[in-house]
Amino acid sequence: MAKPLFQALPGTRDLMSPDTDRMREFVAVFADEAAKAGFGQIIPPMFEDVGVFTRLGEASDVVSKELYDFRDKADRHIALRPEHTASVCRIFAEKRPLTPWRTWYAGPNFRYDKPQKGRYRQFDQVGAELIGSDEPDTDTELIALASRFYDRIGLKNVTLLVNSLGDATDRPRYLEALRTYFGANLDVLSEQSQITLKTNPLRVLDSKRREDAGLIADAPVLTDYLGDDAAASFERVKAGLRGLDIKFELAPRLVRGLDYYNRTAFEFISESLDGAQTAIGGGGRYDGLVEALGGPPESGVGFALGIDRTILACDAEGVFGAPDNSAAAVVVCTSPGTEGLEIADELRRAGIATTRADGTRSMKGQMKQAGKSGAKVALIVGPDEAEAGTVSVRPMLSDPNSSDGPTQSVVPRADVVTTVKEIIQ
RNA sequence: GUGGCCGUAGCUCAGUUAGGUUAGAGCGCCAGGUUGUGAUCCUGGAUGCCGGGGGUUCGAAUCCCCUCGGUCACCCCA
């Protein structure tokens with residue numbers, strides 16, 4: 001491979017035309033679903049004071065070792081956002097919008113991970129958050145928004161996993177039970193998990209190491225340790241999901257990677273993806289986060305969907321393909337004049353997407369380009385047309401030798417727009 | 001961060017096992033196949049410091065070391 005002077009940094013990608021068209025459409029569909037549910041868009045800055053993110057919990061890898069942080073010229077300690085939720089809470093604490101505040105977003109996040117398929121250092125998410133209500137039905141509403149979105153893009157093999165992480169006051173009793181349980185079985189537990197047990201017992205449940213599987217399967221279950229409020233809330237969410245006919249699986253050992261979650265936690269898993277990156281979206285309730293960022297004690301729920309992984313899943317299922325972005329018309333000009341430029345401009349002003357073949361090439365070369373452009377019609381101007389003030393209009397058929405369909409005609413310059421419109425109807 | 005596999009034209013890859021003349025294929029790209037027209041077909045053409053650096057050797061794409069990048073698993077997460 002030729003060695004380029006520069007190349008995209010590890011974990012970053014250059015998205016180009018069919019992919020970007022697809023992503024734009026993806027976000028457009030999400031925006032539409034979010035708007036239907038009463039959510040308004042926000043565009044937070046891509047970087048914040050590092051404290052905004054460290055408040056997410058030092059125990060999670062996302063903040064302890066994956067933060068992209070640096071000092072700016074005024075020696076501020078800054079970090080590229082690893083997710084949007086912290087920024088949303090910071091915005092709420094700072095601007096105090098009316099509650100309940102429904103908001104959605106789309107944009108890149110940054111995590112200094114070792115790249116892998118479906119895992120990039122810069123990756124895009126769409127998501128929605130609702131701040132200022134602890135009504136369990138809002139949890140259900142958010143899950144429904146994500147779920148309807150998947151329906152809309154045609155993704156089928158998605159499993160919704162649901163769990164309740166309890167309230168902050170329920171957590172210590174459960175953590176204690178976990179420590180006791182795993183502590184009694186240290187000899188069976190993998191070395192890695194023994195370390196995790198010390199720092200964050202919950203996370204041991206997330207281990208994918210084979211030797212831990214048996215132990216984890218029999219571990220104490222979080223939902224047995226819920227307080228009355230959390231338990232009632234969880235029941236209400238489950239009832240809501242049944243009412244909306246949204247299928248879910250209870251996942252008593254589902255713990256999420258960020259430490260701020262309480263009560264409802266959920267994750268969307270694609271059954272069409274193999275490998276380690278099957279979680280295409282997830283979220284939950286984070287009732288203490290706004291306050292932790294200096295705001296009022298308002299509760300929140302939200303979720304984020306990974307665009308890249310979701311599109312990977314779409315590929316696997318053969319749905320939500322790239323939209324056709326080819327121009328409707330293409331101009332072929334071998335005349336030395338500027339007719340080609342003028343005709344293209346005229347069509348564009350009339351709202352017709354128009355591209356141009358390379359004017360320095362021969363007629364045959366330009367026609368080849370016209371064929372590849374995917375345009376429905378070619379406007380041909382050679383010296384003859386230039387002289388006569390006409391344009392040859394050639395409908396571009398999939399088979400150039402087929403005799404059926406419209407044939408090439410010569411029209412006056414003034415009639416080009418209307419003729420093209422007729423052909424592309 | 002740890003470990004396995006991989007890195008040859010724009011793309012997909014052969015050649016690396018036992019080092020040996022100017023490094024190959026398919027696709028793609030460009031130009032022709034008579035005077036201005038997209039398929040196919042025919043002919044011709046361009047493009048690689050064989051990821052980079054160092055070493056062994058008379059000689060390295062082939063062997064050794066380092067490095068960079070990719071990929072997969074763990075870790076973690078979207």
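Throughout, a chain's letter reflects where its sequence line sits, starting with A, and its residues are numbered from 1.
- The aromatic rings of A:Y105 and A:H84 sit parallel to each other, their planes meeting at less than 30°, with 60° as the upper class boundary.
- Phosphate contact (OP1/OP2 of B:C29, side-chain N/O of A:K372, threshold under 4.0 Å): present.
- RNA chain B lies under 4.0 Å from at least one heavy atom of each of the following residues of residues 380-394 of chain A: A:I380, A:D384, A:E385, A:R394.
- With a 3.5 Å ceiling on both atom-pair distances, B:U40 lacks any Watson-Crick or G-U wobble partner.
- Residue A:R203 has a polar side-chain atom (N or O) positioned under 4.0 Å from OP1 or OP2 of B:C77.
- Rounded to a whole Å, the CD atom of A:Q116 is 9 Å from the C1' atom of B:C75.
- When both distances must be under 3.5 Å, the Watson-Crick or G-U wobble mate of B:G20 is B:C58.
- Atom C1' of B:C29 sits at a distance of 30 Å from the matching atom of B:C68, rounded to the whole Å.
- Across all strands shown, B:A46 remains unpaired; no Watson-Crick or G-U wobble contact has both distances below 3.5 Å.
- Proximity note for A:Q408 (side chain, C-beta onward) versus B:C77, B:U37, B:U71: the nearest is B:U37.
- Heavy-atom distances to RNA chain B give each of A:P115 and A:G306 a nearest nucleotide, and the one nearer the 5′ end belongs to A:P115.
- One interatomic measurement links the two molecules: CG of A:L202 to C1' of B:C76, which rounds to 15 Å at whole-angstrom precision.
- Near-neighbour residues of RNA chain B inside residues 357-371 of chain A, defined by a heavy atom below 4.0 Å, number-ordered: A:R361, A:M363, A:K364, A:M367, A:K368, A:G371.
- A donor-acceptor contact under 3.5 angstrom links the side chains of A:S392 and A:E385, judged on distance only.
- Atom CD in A:E66 sits about 10 Å away from atom P in B:A78, given to the nearest Å.
- Residues from residues 9-43 of chain A lying near RNA chain B, meaning a heavy-atom separation below 4.0 Å, are A:P10, A:G11 in numerical order.
- Of the listed residues (A:W104, A:F30, A:F39), just one forms a ring-ring contact (aromatic ring centres under 6.0 Å, His included) with A:F149, and that residue is A:F30.
- As rounded to the nearest Å, B:A60 and B:U16 have C1' atoms that lie 10 Å from one another.
- Nearest to the side-chain atoms of A:K114 among the listed nucleotides B:C76, B:G38, B:U71 stands B:U71.
- Nearest approach of A:R121 to A:Y68, heavy atoms of both residues: CD-OH, 3.5 Å.
- Between A:L312 atom CG and B:U71 atom C1' the separation is 13 Å, expressed in whole Å.
- Remark: B:C11 base-pairs with B:G26. Criterion, Watson-Crick or G-U wobble with two distances under 3.5 Å.
- Side chain of A:R119, nearest nucleotide from B:C29, B:C75, B:C77: B:C75.
- When both distances must be under 3.5 Å, the Watson-Crick or G-U wobble mate of B:C5 is B:G70.
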Inset, instruction - Applying side-chain contact (heavy atoms from CB on, under 4.5 Å), run through A:L202 and A:L175 and close with a yes or a no. - result: CA-CA 7 Å; A:L202 264 188; A:L175 293 185; 3.8 Å; yes
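- Among the heavy atoms of the strands lying under 4.0 Å from A:Y120 is at least one base atom, whether or not backbone atoms are also near.
- Of the candidate nucleotides B:A78, B:C75, B:G38, B:G38 has the atom lying nearest to any side-chain atom of A:M396.
- For A:R263 and A:F234, the positive end is not near the middle of the six-membered ring at less than 6.0 Å and at most 45° from its axis.
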